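Naming: A, B, ... by sequence-line order, numbering from 1 per chain. Just so it is clear, the structure is predicted and the values come from calculations on it, not from any experiment.
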Amino acid sequence: MFRTRFAPSPTGYMHIGNLRTALYAYLIAKKAGGIFILRIEDTDQNRNVPSSVQAIYHGLALAGIVYDEGPDKDGGHGPYIQSQRLPIYKTYAEKLLASGDAYLCFCGKSDKPAQEQTGERVQGYRDPCRNLSGKEVEEKLAERILPVVRQRIPDSGSSSYFDHVYGTITIENSQLDDQVLLKSDGYPTYNFANVVDDHLMEISHVIRGQEYLSSTPKYNLLYQAFGWQQPEYIHLPHIIKEDGSKLSKRKGDPSFEDLVGMGYLPSAIVNYVALLGWNPGDDREIFMLEDLAQVFDMDRINKSSAAFSFDKLLWLNGEHIRLLSEEAFHALALKYYPESVRHIDLTRISQLIHPRLEKLTDIPVMVSFMAELPAYDVALFENQKSRSTLDSSRKVLKETLPLLESLAEWSNETLFETLKAYAQEQGLKLGTVMWPIRTALSGLPSTPGGATELADLLGRQKTLLRLHTGLVKLQAAE
RNA sequence: GCCCCUAUUGUCUAGUGGUUAGGACGCAGCCCUUUCAAGGCUAAAACCAGGGUUCGAAUCCCUGUAGGGGCACCA
């Protein structure tokens, strides 16, 4: 049985890397018909941001990632919040103490090797307390010094493990520190809580960032000390920016929720992020979450870090928008329409912008001309491709105006037929007729929809008025 | 400083000894077209460097270079 978990610490918001880790963990479980678990790692009392647990719930919900077990979904392996599991860690720490795989350390924080002072890093740290006699320990305890529990790393030898992404990793034990397992405040460190919980929650595959690659042997030593079976490992490469630097909230890089606020569809973001470091092995690029759960393969995850490209996300977002049904799109678009445009047929506007929209937040700019004609230059009536000149435009506007004024039925079809007939009769290119009309109606070089679609949408009165305005402008330029 | 990892077009990537090095985004051009999108077609664009191994290396090995990560009573 596959059991994976997403184990964020509630320190802020759901950034892109977090989203992908959660997504991959979810996909690996779901592909195998397994269980996906949410566990909150809040063992650092200084860094906890209470509201960010909500951000995690919200982010997962937004992405469509549903966990099978979690703080509010007991699957018999709870509690799923580490701060509620303190007695458990204590029990297991005592086992290690008893077996000699851990020891009590009474050093104050300032007794540590002077890393800060010298700027030199010390690896393979061996604390003097590891050799304290039973009697010495008793004495320290009697002095009421609060100890920490440290892991006893073997002095020699090396540890290897297999990672699904990076292959076999080998680290010399001498490179590993005698890590603190239990802090003096009674809270476990990540190193310890993670191992204990992963075992107790029967996690089969550990999916996490690549920063744990070289500390994983320490965790494996812990598994061995307990006589537990090690999980399989999937370490993920980092997501970076196109300039090679890392994503950071402080530098203004958006979180998952920020991106949604910027007009990107959650499904598109999920799709994009899935492709950052993984590919299906064929040319498919458009995936919904359900599709990913079918085809995802952890052995196809890449080793090197991937740069986040807004260009590609934008394209993918357009693809996802176009995948939406007319109704679904309209429902989403609704809240982006500015007040000024709400008297117009919004359903019809949605139909026009749907195939041309790249992100939802572009809607206001795209439609605002419908409410109010922007100021534009006569030069806009000149267009080489449609063979439009100031003269031709003036003629077209002047001659089609009465035609449209007397049109019996005002619809896209009748408008189009009328103008097409006019073009044929005059021996003009259709574009030469449509260009000045579209221009006069919008005052823009490009619009969602052509001349007759806009005329239909704006209605007879507004159309004739704008056409008039255009004609006046052209006559003034004569 | 020590250790670990990575390296194919601007970006995401395919590729596991023999390919005209494939696809996608972006970029440029053309077609389609009632403007713009979408769609179709075309173009430019890459194997970090140097040594090996081999009849033959993007692919295997070594060295270098560059980038990233780890070495906390943070996760």
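As a whole-Å value, the separation of A:Leu430 CG from B:U33 C1' is 10 Å. Note: CG (A:Asp177) to C1' (B:C3) measures 11 Å, nearest angstrom. Separating the CH2 atom of A:Trp278 from the P atom of B:G15 is a distance of 12 Å, rounded to the nearest angstrom. At whole-Å resolution of the value, CG in A:Leu247 and P in B:G69 are 12 Å apart. What separates CD1 of A:Ile56 from P of B:A75 is a distance of 14 Å, to the nearest Å. If you measure from atom CG of A:Leu181 to atom C1' of B:C73, you get 11 Å, rounded to the nearest angstrom. Counting to the nearest Å, the P atom of B:A24 and the CG atom of A:Leu276 are 19 Å from each other. Rounding to whole angstrom units, CG of residue A:Asn191 and C1' of B:A72 are separated by 9 Å.
Ion pair A:Asp377/A:Lys473 not flagged as a salt bridge, since none of the NZ, NE, NH1 or NH2 atoms sits closer than 4.0 Å to an Asp/Glu carboxylate oxygen. By the 4.0 Å N-to-carboxylate-O rule, A:Asp178 lies too far from A:Arg152 to be salt-bridged with it.
Residue contacts shown for A:Ser9 are limited to sugar-phosphate atoms, with no base heavy atom under 4.0 Å away. A:Ser215 comes within 4.0 angstrom of nothing in the nucleic acid, heavy atoms only. A:Lys385 comes within 4.0 angstrom of a base, heavy atoms only. A:Thr43 comes within contact range of the sugar-phosphate backbone alone, with a heavy-atom separation under 4.0 Å but no base atom that close. Nucleic acid contact for A:Phe416: base, since at least one base atom lies under 4.0 Å from a heavy atom of the residue. Using a 4.0 Å heavy-atom cutoff across all strands shown, A:Tyr187 reaches no nucleic acid atom at all. Using a 4.0 Å heavy-atom criterion, one finds that A:Ser442 contacts no nucleic acid atom at all. Among the atoms of the strands shown, base atoms are found under 4.0 Å from some heavy atom of A:Asn412. Note on A:Arg300: only backbone sugar-phosphate atoms sit closer than 4.0 angstrom, heavy atoms only; bases stay farther off. Note on A:Val148: a base of the nucleic acid sits closer than 4.0 angstrom, heavy atoms only.
Of all heavy-atom pairs spanning A:Ala440 and A:Leu467, the tightest one is CB-CD1, 3.9 Å. For A:Thr43 against A:Tyr187, the heavy-atom pair with the smallest separation is O-CD2, 3.5 Å. Closest non-hydrogen pair, A:Arg356 versus A:Gly449, comes out as CZ-N, 3.3 Å.
Each of B:U34, B:C73, B:G23 was ranked by its minimum atom distance to the side chain of A:Ala451; first place goes to B:U34. Considering only the side chain of A:Ala307, B:C12 comes nearest among B:U34, B:A75, B:C12. Of the listed nucleotides (B:A24, B:G69, B:C3), B:G69 has the atom at the smallest distance from the side chain of A:His238. Considering only the side chain of A:Lys303, B:U6 comes nearest among B:C36, B:G23, B:U6.
A distance of about 41 Å separates the P atoms of B:U33 and B:C47, rounded to the whole Å. Spacing between B:G50 and B:A7 at atom C1', rounded to whole Å, works out to 16 Å. Nucleotides B:C30 and B:C48 have their P atoms positioned 35 Å apart, rounded to a whole Å. A distance of about 16 Å separates the C1' atoms of B:C62 and B:U54, rounded to the whole Å. Rounded to whole Å, the separation between the P atoms of B:U63 and B:C71 comes to 26 Å. With both ends at atom P, the span from B:A49 to B:U65 equals 15 Å, rounded to whole Å. B:G10 and B:C3 are spaced 33 Å apart, taking the C1' atom of each and rounding to whole Å. Taking the C1' atom of each, B:G52 and B:A66 are spaced 22 Å apart, rounded to whole Å.
Considering only side-chain N and O atoms, A:Ser214 lies nowhere under 4.0 angstrom from the phosphate OP1 or OP2 of B:C71. For the OP1/OP2 pair of B:G68 and a distance below 4.0 Å, the side-chain nitrogens and oxygens of A:Lys241 include no atom meeting the criterion. Remark: A:Asn279 is not in phosphate contact with B:U13, judged by side-chain N or O atoms under 4.0 Å from OP1 or OP2. At least one side-chain nitrogen or oxygen of A:Lys246 sits closer than 4.0 Å to the OP1 or OP2 atom of B:G69. Taking side-chain N and O atoms only, A:Asn302 has no distance below 4.0 Å to OP1 or OP2 of B:A7.
In a base pair of the Watson-Crick type (N1 to N3 plus N6-O4 or O6-N4) or a G-U wobble (N1-O2 and O6-N3), with each distance short of 3.5 Å, B:G26 is matched with no nucleotide. Both distances falling under 3.5 Å, in either a Watson-Crick or a G-U wobble arrangement, occur for no nucleotide opposite B:A38. Searching all strands for a Watson-Crick or G-U wobble partner of B:C32 with both distances below 3.5 Å returns nothing. Nucleotide B:G64 has B:C48 as its partner under the Watson-Crick or G-U criteria, with both atom distances under 3.5 Å. Applying the Watson-Crick and G-U wobble criteria (two distances, each under 3.5 Å), B:C71 pairs with B:G1.
Ring centers of A:Tyr233 and A:Phe162: at least 6.0 Å apart, outside the cut-off.
Between the base of B:U6 and the side chain of A:Ser305 there is no donor-acceptor pair shorter than 3.5 Å.
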| request: Quick one, give me the B/S/- string for nucleotides 57-67 of chain B, reading 5' to 3', where B means a protein heavy atom under 4.0 Å from the base and S means that only happens at the primed atoms, P, OP1 or OP2. | output: -----------
| How would nucleotides 39-49 of chain B be written as a contact map, 5' to 3', with B for base contact, S for sugar-phosphate-only contact and - for no contact, using protein heavy atoms under 4.0 Å? | S----------
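Between A:Tyr272 and the choices A:Phe287, A:Phe308, A:Tyr264, the ring-ring contact (aromatic ring centres under 6.0 Å, His included) rule is met once, by A:Phe308.
For residues 273-287 of chain A, the set of pairs meeting the side chain to side chain donor-acceptor pair (under 3.5 Å) definition, not counting sequence neighbours, comprises A:Asn279-A:Arg300, A:Glu285-A:Lys312.
Two residues are said to be in side-chain contact when any heavy atoms from C-beta on lie closer than 4.5 Å; A:Val149 and A:Leu104 meet this criterion.
The environment of NZ in A:Lys420 is sparse: at most 12 heavy-atom neighbours from other residues, nucleotides or ligands sit within 6.0 Å.
Closest-nucleotide positions on RNA chain B for A:Gly449 and A:Glu172 were compared, and the one nearer the 5' end corresponds to A:Glu172. Nucleotides of RNA chain B nearest to A:Gly450 and A:Glu358 differ in position, and the one nearer the 5' end is that of A:Glu358.
Counting only N and O atoms by type, the side chains of A:Glu326 and A:His354 include no donor and acceptor under 3.5 Å apart.
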| Should A:Lys395 and A:Gln426 be marked as a side chain to side chain donor-acceptor pair (under 3.5 Å) after you check the CA-CA gap, both sets of side-chain angles, and the distance that decides it? | CA-CA 11 Å; A:Lys395 170 184 156 75; A:Gln426 297 291 319; 2.9 Å; yes
| message | Between A:Tyr24 and A:Phe296, does the ring-ring contact (aromatic ring centres under 6.0 Å, His included) criterion hold? Intermediate values first, please. | response | CA-CA 8 Å; A:Tyr24 282 14; A:Phe296 193 79; 4.8 Å; yes
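Judged by distance alone, with hydrogens and angles left aside, the side-chain atoms of A:Asn383 form a donor-acceptor pair with the main-chain N or O of A:Ser386 at under 3.5 Å.
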